[in-house]
Amino acid sequence: MSSTTVQPDFFSFLGLPRKLKIDAPDLEQRYRALSRQFHPDYFYNAPAAERRASLERSSYLNDAYRALKNPVARIEYLLKLELDGQGAGRAEPGPGGANAAPPPGLLEQVFALNEELDEIRDARAGGAAADEWKPRLERARQPIEAKQREHESKLEALSAQWDAAVDANAPESERREILSALRERFLERNYINNLLAGIERELNV
Amino acid sequence: MSKVVGIDLGTTNSLVAYVKDGVPIVIRDASGDALVPSVVSVAPEGTAFVGREAQRRLLTDPQRTAYSVKRFMGRGREDVREEASHFPFRLAGDDQGVVRIGLGDREFTPPEISAFVLRELKRRAEEHFAAHGEVDNEVDRAVITVPAYFNDAQRTATRDAGRIAGLEVLRIVNEPTAASLAYGLDKRHTGIIAVYDLGGGTFDISILRVEDGVFQVLATNGDTHLGGDDIDAQLVQGFLDDFEQNGLIVHVDGRYDPQTVQVMRKAVIEAKHDLSEHEAAEVVIPDFAVIDGRIQSAPGQQYRPIFTRAGFEELIAPIVERTLGPCRQALADAGLEPSDVDEVVLVGGSTRIPYVRRKVEELFGRTPHSELNPDEVVALGAAVQADILVTGNRDMLLLDVTPLSLGIETMGGVTSKIILRNSTIPATGSEMFTTGVDNQTAVDIHVLQGERELVADNRSLARFKLRGIPPMPAGLPRVQLTFQIDANGILSVTARELRTDVEQAIEVRPSYGLTDEEVERMLLESFEHAEADFAARQLIEAKNEAEAVIKATEKSLRSPEFAEIEKTELTPEERKKIDAVLAGLKMVLNSSDRETIQKWTHALNDATQHLAEVMMNRSVRAALAGKSIEEM
């Protein structure tokens with residue numbers, strides 16, 4: 001859509017409350033129903049303005065569906081919508097890339113892991129066989145994976161908390177608090193996933 | 001109202017279909033043949049031949065005959081350098097530009113060659129409508145299918161081909177998705193469908209979910225350079241190597257002799273088809289034979305090596321294996337296991353190969369659907385989609401995806417993705433730009449498609465120059481670039497400077513495509529040639545008819561009973577007349593005067609009328625007496 005139009009956010013576009021628990025079959029059904037409304041297939045004979053509107057609306061619908069269908073993308077979108085006030089449009093790739101500074105809660109694990117990875121790389125450069133360094137890598141992965149599980153369940157709990165706050169029409173301050181906690185966990189989670197992806201790459205060298 | 005059709009523009013064959021009273025129907029010629037070979041031959045004086053006639057010319061005039069042109073759509077000269085030696089026609093064009101196909105002293109872009117095929121299909125459909133008493137026979141709009149894994153340049157080239165052929169392309173539809181529409185699986189099922197499409201030149205796998213009549217593609221993958229052509233090339237290569245080892249000359253001017261290659265290609269394709277029905281097949285290569293244990297040139301004889309199905313399967317196993325990786329990737333992208341798939345649909349001629357069917361069945365653990373002709377199912381689906389577009393019927397809806405991620409070049413030659421692969425289309429993405437220098441008024445943008453990290457590993461789609469940025473200190477302008485992929489899977493870009501809210505001008509320079517002006521010019525040229533092409537086709541038809549009458553007459557004259565018939569039933573004048581008219585028709589046959597050929601053909605028909613009646617009466621009598629007609 002052109003940048004001058006004010007967009008409804010993805011949740012209201014699909015007729016959903018701004019909550020993190022979404023019933024998948026319900027979302028699918030809403031998506032199909034709206035697709036039948038907007039899809040360019042049905043506007044082939046329409047005036048140019050309607051054709052354009054159909055293209056813009058169905059693009060926006062597809063973006064909304066994509067962002068809300070996936071639980072992780074959904075959290076990311078909600079955070080952006082609530083905290084940055086820029087919910088309309090594409091969900092930007094989340095922060096917490098490989099080069100970002102490690103979140104404070106993870107410093108210890110990251111430090112230990114990097115040391116281990118350096119040693120393993122040295123060993124490999126020195127001609128160590130795969131069955132020597134691979135088990136070390138696997139062992140190094142375990143504490144990170146434990147952290148990942150911990151974060152997933154924390155994210156789940158916070159999501160439920162947010163939904164309850166929406167239902168109870170909780171005051172702004174309480175909502176902000178939940179969102180900040182969600183954001184912190186979310187960034188850590190992204191960081192952990194990058195670490196795990198890094199280990200996976202090393203394993204496949 | 002003029003007519004709308006669905007067209008499957010294939011690597012090997014093309015066909016056209018339409019919807020009549022809610023049912024999709026493939027349009028056939030008088031002999032019931034639906035397939036138009038995607039072959040175009042251009043004679044020295046400039047006449048173009050399309051389809052079966054062009055296919056025949058592959059053997060007599062290979063250097064002026066183009067086939068498998070779909071492989072070159074939307075490609076650059078550099079992309080095709082390696083495979084150039086496999087084709088009898090010349091591949092030309094600038095190093096950095098779109099590939100051109102040289103036929104004789106003329107050069108054509110792949111969309112121009114494809115436009116010849118599209119015009120033939122358009123003509124065929126118009127003839128069909130005229131023959132069926134339709135009020136308005138003109139076909140001016142079409143849905144054309146492409147492999148799901150086609151990138152933006154390949155889709156755009158296909159749309160350009162349609163425009164050059166004088167067709168408004170209502171929609172570019174993915175072949176596997178079209179096939180699922182044709183199967184009408186929505187009426188019977190809610191579930192997951194896998195469409196495995198192995199055609200002449202391309203491979204696609206698409207995973208769809210069907211519910212409430214909505215066909216939603218979850219993921220697609222494939223290889224736009226993998227198909228029956230590769231099987232043929234491998235078989236041909238085997239024979240070329242054999243011939244070379246036997247001391248036969250297969251090279252001319254540093255490349256394989258086009259004529260030899262085409263003769264072998266025809267032979268291995270026929271054997272390949274036979275092997276789908278039988279356990280063994282002969283590869284019949286004319287004018288060669290094994291003499292003294294060696295393959296040697298032997299005019300009039302045939303070299304007929306036996307090819308077993310087991311040997312064939314061993315040879316094609318690596319090619320089929322290459323289709324399984326994309327299948328697994330598509331399933332993974334859809335978040336599914338093979339066992340989640342409820343229905344498997346086979347599309348494309350190469351899925352007739354029993355080994356391919358077995359492998360697909362093994363992977364998905366399901367017997368694939370093959371009720372519909374795998375050659376025709378895509379055109380049927382295209383017709384269904386065309387019907388949806390013009391009638392606005394909302395019973396069925398197709399939601400497809402973009403097969404490849406779209407991105408732009410950022411610092412250090414890295415690709416920054418803006419729209420991810422398997423995003424449902426239409427889709428949008430945007431990116432913010434600013435300037436690096438004070439008062440800078442333009443920014444260069446490089447658009448790419450592909451999954452790789454580095455720019456060099458992805459497909460360059462286009463370069464844009466964003467102009468007209470208001471002069472401001474560096475970093476102050478905020479230019480929002482919006483990428484829109486439409487329902488055809490084709491990209492358009494708009495830009496807006498947010499501080500001034502001014503829409504920016506963009507100059508598009510497609511990396512491997514034609515500009516609008518070029519397409520326009522080619523369309524005009526095709527009108528100039530249209531009349532010549534029509535005349536040429538009429539001439540071919542007249543010649544074909546003449547040849548058929550000559551052949552029948554000579555067969556009668558050679559038959560063992562002719563001597564007796566001549567004595568008892570023909571007058572000497574009749575006999576003399578037959579000889580004279582036969583000689584006369586043969587004389588005019590090679591002229592390009594259609595009317596004269598037709599006149600002499602009629603004359604020969606008249607002259608042999610009595611003879612034909614006598615022959616027929618005798619054969620009826622013989623049949624009654626218990627002799628077969630062959631014995632006559």
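Protein chains get the first letters and strands the later ones, always in sequence-line order, with residue 1 at the start of each. Note that this is a predicted model, so its numbers are computed, not measured.
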Counting heavy-atom pairs under 4.5 angstrom with chain A, the leader among B/Arg209, B/Gln385, B/Arg171, B/Arg394 is B/Arg394
What's the verdict on side-chain hydrogen bond (donor to acceptor under 3.5 Å, both in side chains) for B/Thr428 and A/Asp63, showing C-alpha distance, side-chain angles and the deciding distance?
CA-CA 8 Å; B/Thr428 54; A/Asp63 285 351; 3.1 Å; yes
Proximity breakdown for B/Ser423 and chain A, heavy-atom pairs closer than 4.5 Å
both
For B/Glu453, is the CD atom crowded, meaning more than 12 foreign heavy atoms sit under 6.0 Å from it?
no
Is B/Arg478 atom CZ crowded by more than 12 heavy atoms from other residues, nucleotides or ligands, each under 6.0 Å away?
no
Nearest heavy-atom pair of A/His39 and B/Leu397: which atoms, and what distance?
CG-CD1, 3.6 Å
Within-4.5 Å side-chain heavy-atom neighbours: A/Pro40 and B/Asp486:
no
Is there side-chain contact between A/Tyr31 and B/Val214, with at least one heavy-atom pair below 4.5 Å?
no
Among the listed options B/Thr494, B/Leu399, B/Ile485, B/Thr424, the residue most often paired with chain A at heavy-atom distances under 4.5 Å
B/Thr424
Which region of B/Ile425, side chain (C-beta onward) or backbone (N, CA, C, O), has a non-hydrogen atom less than 4.5 Å from a non-hydrogen atom of chain A, or is it both or neither?
backbone
Just checking A/Arg121: does its CZ atom have more than 12 heavy atoms from other residues, nucleotides or ligands closer to it than 6.0 angstrom?
yes
What I'd like to find out is whether the side chain of A/Glu56 reaches to under 4.5 Å of the side chain of B/Pro426, using heavy atoms alone.
no
Looking only at heavy atoms, what is the nearest atom pair of B/Leu389 and A/Asn45, with distance?
O-ND2, 4.3 Å
With a sphere of 6.0 Å drawn around CD of A/Gln29, does it hold more than 12 non-hydrogen atoms of other residues, nucleotides or ligands?
no
CD/A/Glu152: more than 12 non-hydrogen atoms of other groups inside 6.0 Å:
yes
For B/Asn393 against A/Tyr42, the heavy-atom pair lying closest together:
O-CE2, 3.6 Å
Indicate yes or no: at least one non-hydrogen side-chain atom of B/Asp212 is less than 4.5 angstrom from one of A/Arg36.
yes
Do the non-hydrogen side-chain atoms of A/Glu28 and B/Glu211 ever get within less than 4.5 Å of each other?
no
